[in-house]
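All values below were derived from every heavy atom in this structure, side-chain atoms included, with hydrogens, water molecules and symmetry-related copies excluded. Please read all numbers here as calculations on a predicted model, not as lab measurements.
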There are 2 protein chains.
Amino acid sequence: MQNKEIARRVRLFIETCRRHQLKITPQRVGIYRVLIQSQRHPTADLVFRVVKKEFPNISFDTVNRTLSTFAEIGVLDVVETFGGPKRFDPDITDHHHLHCMACGRIIDFEYEGYARLEVPKAIATTFKVISRRVVLKGLCDTCTAKQQMF
Amino acid sequence: MQNKEIARRVRLFIETCRRHQLKITPQRVGIYRVLIQSQRHPTADLVFRVVKKEFPNISFDTVNRTLSTFAEIGVLDVVETFGGPKRFDPDITDHHHLHCMACGRIIDFEYEGYARLEVPKAIATTFKVISRRVVLKGLCDTCTAKQQMF
DNA sequence: TCTTAAATAGGATTGATTCCTATTTGTCAA
DNA sequence: TTGACAAATAGGAATCAATCCTATTTAAGA
Ligand SMILES: [Mn+2]
Ligand SMILES: [Mn+2]
Ligand SMILES: [Zn+2]
Ligand SMILES: [Zn+2]
């Protein structure tokens, strides 16, 4: 990602914080910058270890609390998992997930075919739907290859 | 669920255990009986507390390990969550989930509209897909009603 | 029965998350 | 620019979930 693009997103992020009456702290901006440049779907601990390079005495609690705050204001998504630590997704655009049961990778994909998963009427009238996603369980390319070896 | 239906399912379950060379222990059968009669998507701890009534000195570890074993042999599913303890699903037929972000309930639904979510070619050729499900985030009926009050 | 590997109970350990509180800091109004 | 104050942070403790360890028990086949 270009420095220019990062700067642009940080500006938008700061706007979002202001809208929600959140203080603009160096920690929050630092965590946000790590997040948008991170591999997809990092855990809090991974974000912590990366952001620690820039803020050597940031605490894990701050990172974790901040990620939850970001989820609340819509800066990121908490994604579905099948156990283990929470995983966060800086990509808040509509997309779908394949979970590799062997290595735990979560692979993003988009698909016109289910572009707008319409919600069944019975659900739409009784429940308030916030987000929708197709979740696949399976084996990723690397892990499929490994299995073949036996 | 009828006693007769329970007995039928237990017989099938025992067959499945035999096929996988698993011993038929009273604990395993007890856990299975609790599971098929449980509210949907219980945690290991909930199953433990219920099964404890019949087996007062069963250990949590046994329940937890058994649930994992059941998942391995396809007797149940581990379902997607957004943090918190693992949740298990005795209903292994194809269906979809709505997660209430307020109370944590997972509501099952079926929908002809996504009857067979075909997997995009790009995914199908590189990855081995085991299961597919539409996952909705939202608010359940009860929690939507509560929100209205403010 | 007898044998043996598998399974269990119960406690310890690890891992993830949240809580607690003294201290620091961003923000806003003077 | 400064001062006041609520919000946020650091660091450690506590809680909750999951797994590990090991002595003992038990299901199943001979
Ligand atoms: Mn994603
Ligand atoms: Mn279900
Ligand atoms: Zn993989
Ligand atoms: Zn609810």
Inset, instruction - Determine whether the aromatic ring centres of Phe82(A) and His99(A) lie less than 6.0 Å apart. - result: yes
Legend entry - Phe88(A) and Phe70(A) aromatic centres sub-6.0 Å: no
Legend entry - Spacing between Ile24(B) atom CD1 and dG29(D) atom C1', to the nearest angstrom: 14 Å
Legend entry - Cys140(B) versus Ile107(B), closest heavy-atom pair with distance: CB-CD1, 3.7 Å
Legend entry - Contact summary for Ile58(B) and Lys52(B), nearest pair of heavy atoms: O-NZ, 4.0 Å
Quiz question: by atom type and distance under 3.5 Å, do the side chains of [X] and [Y] form a donor-acceptor pair?
X: Thr62(A); Y: Arg65(A); result: yes
X: Glu110(A); Y: His96(A); result: no
X: Thr93(B); Y: Asp91(B); result: yes

Legend entry - Earlier contact from the 5' end, DNA chain D, for Lys86(B) and Pro26(B): Lys86(B)
Legend entry - Arg132(B) side-chain N/O to Leu136(A) backbone N/O, donor-acceptor pair under 3.5 Å: no
Legend entry - Asp141(B)/Arg105(B) salt bridge by N-O under 4.0 Å criterion: yes
Legend entry - Charged N-O contact under 4.0 Å between Glu54(B) and Arg33(B): no
Inset, instruction - Give the B/S/- string for nucleotides 3-14 of chain D, one per nucleotide from 5' to 3', where a protein heavy atom under 4.0 Å of the base yields B, of only the sugar-phosphate yields S, and otherwise -. - result: ---BBSBBB---
Inset, instruction - Scan residues 41-51 of chain B against DNA chain D and write down, sorted by residue number, each residue with any heavy atom closer than 4.0 Å; if none is found, say none. - result: none
Inset, instruction - Would you indicate, yes or no, if dA17(D) has its OP1 or OP2 atom less than 4.0 angstrom from a side-chain nitrogen or oxygen of Asn64(B)? - result: no
Inset, instruction - State, to the nearest 10°, the angle formed by the axis through the first five base pairs of the helix from dT1(C)-dA30(D) to dA30(C)-dT1(D) and the axis through its last five. - result: 40°
